[in-house]
Amino acid sequence: MEKTPSTDPAWLDREYNNRALVPDHAAHFERWASTSAQARQGSRALLDVSYGHGPGETLDIFPAPRKAGAPLAPVMVFIHGGYWRSLDKSDHSFIAPAFTRRGACVVVPNYALCPAVTIPEIVMQMVQALAWTHRHIAAHGGDPHRISVVGHSAGGHLATMMLACDWARVGDDLPASLVKNALSISGLYDLEPVRRTPFVQSSLKLTPAQVKKASPAWLPAPALREGRGQLFVAAGADESSEFLRHNRLIQQAWGPEVVPVCEALPGLNHFSIVEALVQPKHRLHGMARELLAV
């Protein structure tokens with residue numbers, strides 16, 4: 001597998017600080033917040049549904065329009081980014097309409113943020129959110145046997161971890177193929193360079209043991225079995241060399257059979273790529289629809 005080109009702290013800060021790399025990042029966040037507010041107002045969304053008892057353990061459900069007697073809708077669970085330490089599900093409601101219009105049910109979970117919790121604890125929160133979704137989404141018109149997970153940045157890391165989860169150890173009622181497939185956008189798959197990056201060290205407090213436990217590229221590739229599909233990965237071609245390296249890394253680690261799609265999408269940075277996800281004619285939107293089969 002590819003090695004991190006440098007361990008120099010200043011270099012790592014330059015490579016991983018996406019807000020510094022994209023000077024107009026605040027405009028993206030403002031656009032996400034405003035369009036998300038509109039999405040919540042213009043839908044039959046169920047907001048702040050508890051999937052657990054801890055802080056931040058809530059999710060929003062955006063049901064697909066569905067006629068009585070129609071088949072249950074495929075489910076897209078979208079996990080937000082923010083380096084496991086910022087942002088909120090409410091910033092990402094704008095993801096839902098482009099997919100509910102196509103007949104998918106969209107679930108957007110929250111999680112507690114570092115440093116109040118560790119990254120492995122956030123992984124387990126997402127495990128519980130997915131287990132809750134499998135158990136309850138049929139009541140909201142979603143098909144528990146067609147769940148795909150999409151995530152951006154830290155959310156891409158978490159989505160990838162969900163594909164690797166051994167669901168039988170989570171609950172006897174959960175199928176091995178609970179997550180059908182996943183799309184990771186600008187994800188992080190080796191947490192060791194993140195552990196060494198100064199600007200996030202004080203909030204993430206990563207330890208070597210946590211890196212080993214929660215780095216998808218360090219874990220065995222999930223077995224392709226009946227009902228469980230594959231991982232698609234994409235990053236913006238204008239992202240840093242490290243994010244582009246991570247994009248290649250997971251395909252190298254898990255192999256092209258498990259990760260058949262690995263693309264750097266032209267003209268996109270770390271934030272504009274999220275907006276591409278909801279553009280009907282964009283390649284990234286098409287990748288998500290392919291996984292959802294909508």
Taking [X] for its side chain and [Y] for its backbone only, find out whether a donor-acceptor pair lies under 3.5 Å.
X: Asp24; Y: Ala27; answer: no
X: Gln230; Y: Glu257; answer: yes
X: Glu57; Y: Gln125; answer: no
X: Arg289; Y: Val294; answer: yes
X: Arg195; Y: Gln210; answer: no
X: Asn110; Y: Lys89; answer: yes
X: Trp254; Y: Pro216; answer: yes
X: His140; Y: Gly142; answer: no
X: Asp13; Y: Phe199; answer: yes
X: Ser34; Y: Arg31; answer: yes

- Would you indicate whether Arg102, at its atom CZ, is surrounded by more than 12 heavy atoms from other residues, nucleotides or ligands within a distance under 6.0 Å? no
Are [X] and [Y] packed together at the side-chain level, in the sense that at least one heavy-atom pair is separated by less than 4.5 angstrom?
X: Pro193; Y: Arg245; answer: yes
X: Arg66; Y: Cys105; answer: no
X: Pro97; Y: Val106; answer: no
X: Asp190; Y: His246; answer: yes
X: Leu191; Y: Trp218; answer: no
X: Ser50; Y: His53; answer: no
X: Asp60; Y: Asp48; answer: yes
X: Pro74; Y: Asp143; answer: no

Which atom names give the shortest non-hydrogen contact between [X] and [Y], and what distance separates them?
X: Ala237; Y: Pro266; value: CB-CA, 3.8 Å
X: Arg40; Y: Ser90; value: NH1-O, 2.8 Å
X: Ala39; Y: Ser93; value: CB-O, 3.6 Å
X: Leu21; Y: Ser240; value: CD1-CB, 3.8 Å
X: Gly267; Y: Ser272; value: O-OG, 4.4 Å
X: Ala235; Y: Leu244; value: CB-CD2, 4.2 Å

- Would you please test Met126 and Cys165 for side chain to side chain contact (heavy atoms under 4.5 Å, CB included) and show each step? CA-CA 10 Å; Met126 291 298 91; Cys165 181; over 6 Å; no
Rounded to the nearest 0.5 Å, what separates atom [atom1] in [X] from atom [atom2] in [Y]?
X: Ser215; Y: Met161; atom1: OG; atom2: CE; answer: 8.0 Å
X: Thr207; Y: Lys213; atom1: OG1; atom2: NZ; answer: 9.5 Å
X: Asp238; Y: Asn269; atom1: CG; atom2: CG; answer: 6.5 Å
X: Gln252; Y: Tyr189; atom1: CD; atom2: OH; answer: 12.5 Å
X: Thr100; Y: Ile95; atom1: OG1; atom2: CD1; answer: 11.5 Å
X: Thr197; Y: Trp11; atom1: OG1; atom2: CH2; answer: 8.5 Å

- Task: Let me see the working for Val194 and Val200 under side chain to side chain contact (heavy atoms under 4.5 Å, CB included), right down to the final yes or no.
- Result: CA-CA 8 Å; Val194 180; Val200 291; 4.2 Å; yes
Do [X] and [Y] belong to the same hydrophobic cluster, where Ile, Leu, Val, Met, Phe, Trp and Tyr are linked whenever their side-chain heavy atoms lie under 4.5 Å apart, directly or via other members?
X: Leu292; Y: Met162; answer: no
X: Val259; Y: Leu224; answer: yes
X: Leu87; Y: Leu59; answer: no
X: Phe232; Y: Phe243; answer: no
X: Leu178; Y: Val75; answer: yes

In residues 149-160, what donor-acceptor pairs under 3.5 Å come from side-chain atoms, sequence neighbours left out?
{"unit_1": "His152", "atom_1": "NE2", "unit_2": "His270", "atom_2": "O", "d": "2.8"}
{"unit_1": "Ser153", "atom_1": "OG", "unit_2": "His270", "atom_2": "NE2", "d": "3.0"}
{"unit_1": "His157", "atom_1": "ND1", "unit_2": "Trp84", "atom_2": "NE1", "d": "3.4"}
{"unit_1": "His157", "atom_1": "NE2", "unit_2": "Ala214", "atom_2": "O", "d": "2.7"}
{"unit_1": "Thr160", "atom_1": "OG1", "unit_2": "Gly156", "atom_2": "O", "d": "2.8"}

- Message: If we check side-chain contact (heavy atoms from CB on, under 4.5 Å) with Leu291, which of these qualifies: Val261, Leu183, Leu231?
- Response: Leu183
- Message: Can you pull out every salt bridge (Lys or Arg N to Asp or Glu O under 4.0 Å) where at least one residue sits in residues 112-135? Sequence neighbours excluded, please.
- Response: Arg135-Asp173
- Message: Just to verify, what does Ser43 make a side chain to side chain contact (heavy atoms under 4.5 Å, CB included) with, not counting sequence neighbours?
- Response: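 With sequence neighbours excluded, Ser43 shows a side chain to side chain contact (heavy atoms under 4.5 Å, CB included) to Ala45, Phe62, given in chain and number order.
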- Query: Between Tyr111 and His80, how do the two ring planes meet: parallel, tilted or perpendicular, split at 30° and 60°?
  - Reply: parallel
- Fit a plane to each ring of Phe29 and Trp32, take the angle between them on a 0 to 90° scale, and name the class: parallel (under 30°), tilted (30 to 60°) or perpendicular (over 60°). perpendicular
- Do Tyr83 and Ser203 get their side chains close enough for a donor-acceptor pair, meaning under 3.5 Å? no
- side chain to side chain contact (heavy atoms under 4.5 Å, CB included) between Ser86 and Arg19: does it pass, once the steps are laid out? CA-CA 12 Å; Ser86 67; Arg19 297 190 186 196; 3.3 Å; yes
- Yes or no on side chain to side chain contact (heavy atoms under 4.5 Å, CB included) for Leu72 and His145, after CA distance, side-chain angles and deciding distance? CA-CA 10 Å; Leu72 295 173; His145 303 294; over 6 Å; no
